[in-house]
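Since the structure is predicted, the reported quantities are computational estimates derived from the model, not experimental observations. Both counts, for ligands and for their atoms, begin at 1 and track the order of listing.
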Amino acid sequence: MKIKISPSILSADFGKLNEEIASVEKYSDYIHVDVMDGHFVPNITIGACVVGSIKTRLPLDVHLMIDNPEQYLEDFSKAGAKILTVHFEACKNLKAVLQKIKKLGMKPGISLKPKTKVGVLKPFLPYADWVLVMSVEPGFGGQSFLENSLEKIKWLRKNAPKLDIAVDGGINEETAKLCVKAGANVLIAGSYIFKSKNRKLQIQKLK
Ligand code: DX5
Ligand code: ZN
C-alpha cells in the first residue's frame, strides 16, 4: 500500500495556519486537524468555524476528540472535512454515527485511545473507511510513541486488509518504520514535521 502523510497542525503556528499548511502541502496527502473540547481530553483547540477558514487543496482529515461528536457532524461537513474521525470511547451509538458521517458525504473514521482494546472495533469495521490508532494519550503533541500500538495495527491489518490504517502520536523516522511494517498506511505527525526547519526533508524521511 502507498504510504500517505498527514501533517498534524496541532504543532503549527495557529496565528498563520494557512501559511503553515502551504509549507507542507506539496509533500503531503492530507492535513490532520485535531479538535479538542477540554472534556474528552484535557486540552482545548479549535472548532468548526476555524476549520472552515482553512485553505488547502488537500483533503482535511479531522480528528474529533470531543464528547457527543454526533452533535457536530453537520458543522464539520460544512466546514470542509473529508475524513471525519470519532472516538470509540465518545460514542453511545458508534454505528449510527459512522453511517451519518457517510450520509453527509465524508469518510467515516474510528479512533481508539491507547488503553482501549482493539478487538472492540470488530463489529464497526464494515462501517468505517479509516481507523486511527492513537499511539499517545490524546490531548497533546510531542509525546513518546507507545509500543502497544503496533499490535493493534497488526490486528487491524489482518482483520481489514483494505482499510486505511492511520497512526497518530509520537511519529518520527524510527517509529514510522515500525508502524508501516505492522501494516499502517497513513502516518500522522505533528511536532516531527512542524517543529523542524526543513519540513520537506522530514516528510521524505517518513516515507
Ligand atoms: C494528539 C493529536 C495528534 C498530535 C500528534 O492528541 O491527536 O494529532 O498532533 O502530535 P505528535 O506528532 O507531536 O506526537
Ligand atoms: Zn490527531
For ligand 1, find out whether one of its N or O atoms is nearer than 3.5 Å to an N or O atom of [X].
{"X": "Gly142", "value": "yes"}
{"X": "Gly190", "value": "yes"}
{"X": "Ser8", "value": "yes"}
{"X": "Gly169", "value": "no"}

Quick one: which of Asp168, Val33, Leu10 has a heavy atom closest to atom 8 (O) of ligand 1?
->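 When every heavy atom of Asp168, Val33, Leu10 is considered, Asp168 comes closest to atom 8 (O) of ligand 1.
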
Tell me which protein heavy atom sits closest to [atom], plus the residue, atom name and distance to 0.1 Å.
{"atom": "atom 2 (C) of ligand 1", "answer": "Asp34 OD2, 3.3 Å"}
{"atom": "atom 14 (O) of ligand 1", "answer": "Gly170 N, 2.8 Å"}
{"atom": "atom 6 (O) of ligand 1", "answer": "Gly139 N, 2.8 Å"}

Structural part of Phe140 in contact with ligand 1, heavy atom criterion under 4.0 angstrom |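 Contact part for Phe140 vs ligand 1: backbone (N, CA, C, O).
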
Quick one: look at Ser191 and ligand 1, take heavy-atom pairs under 4.0 Å, and tell me if it's side chain, backbone, both or neither.
->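 Under 4.0 Å from ligand 1, Ser191 contributes backbone and side-chain atoms.
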
[X]: numbered ligand 1 atoms lying under 4.0 Å from its heavy atoms:
{"X": "His63", "value": "7 (O)"}
{"X": "Pro138", "value": "6 (O)"}
{"X": "Ala189", "value": "12 (O)"}

For Ile110 against Thr85, the heavy-atom pair lying closest together |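 For Ile110 and Thr85, the tightest heavy-atom pair comes out as C-CG2, 3.8 Å.
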
Contacts of type side-chain contact (heavy atoms from CB on, under 4.5 Å), residue Lys82, not counting sequence neighbours =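 Applying side-chain contact (heavy atoms from CB on, under 4.5 Å) to Lys82 gives Pro59.
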
Who passes side-chain contact (heavy atoms from CB on, under 4.5 Å) against Ala81, sequence neighbours left out?
->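 Ala81 satisfies side-chain contact (heavy atoms from CB on, under 4.5 Å) with Val62, Phe76, Leu84, Met106 only.
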
Any side-chain donor-acceptor pair under 3.5 Å between Lys205 and Asn172?
->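 Note: Lys205 and Asn172 side chains miss the donor-acceptor criterion.
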
Exercise: do Asp67 and His39 side chains pair donor with acceptor under 3.5 Å |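 Absent: no donor and acceptor within the cut-off.
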
Does even one non-hydrogen atom of Met65 get within less than 4.0 Å of ligand 1?
->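 Judged by the 4.0 Å heavy-atom criterion, Met65 does count as contacting ligand 1.
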
Are the charged groups of Arg199 and Glu20 less than 4.0 angstrom apart, N to O?
->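 A salt bridge links Arg199 with Glu20.
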
What pairs with Asp29 under salt bridge (charged side-chain N to carboxylate O under 4.0 Å, His left out), at least two apart in sequence or on another chain?
->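 Scan of Asp29 (salt bridge (charged side-chain N to carboxylate O under 4.0 Å, His left out), adjacent residues dropped) gives Lys2.
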
Could you pull out the N/O/S protein atoms under 2.8 Å of the Zn ion (ligand 2), ignoring any water?
->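 Listed by chain and number, the atoms are His32 NE2, Asp34 OD1, His63 ND1, Asp168 OD2.
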
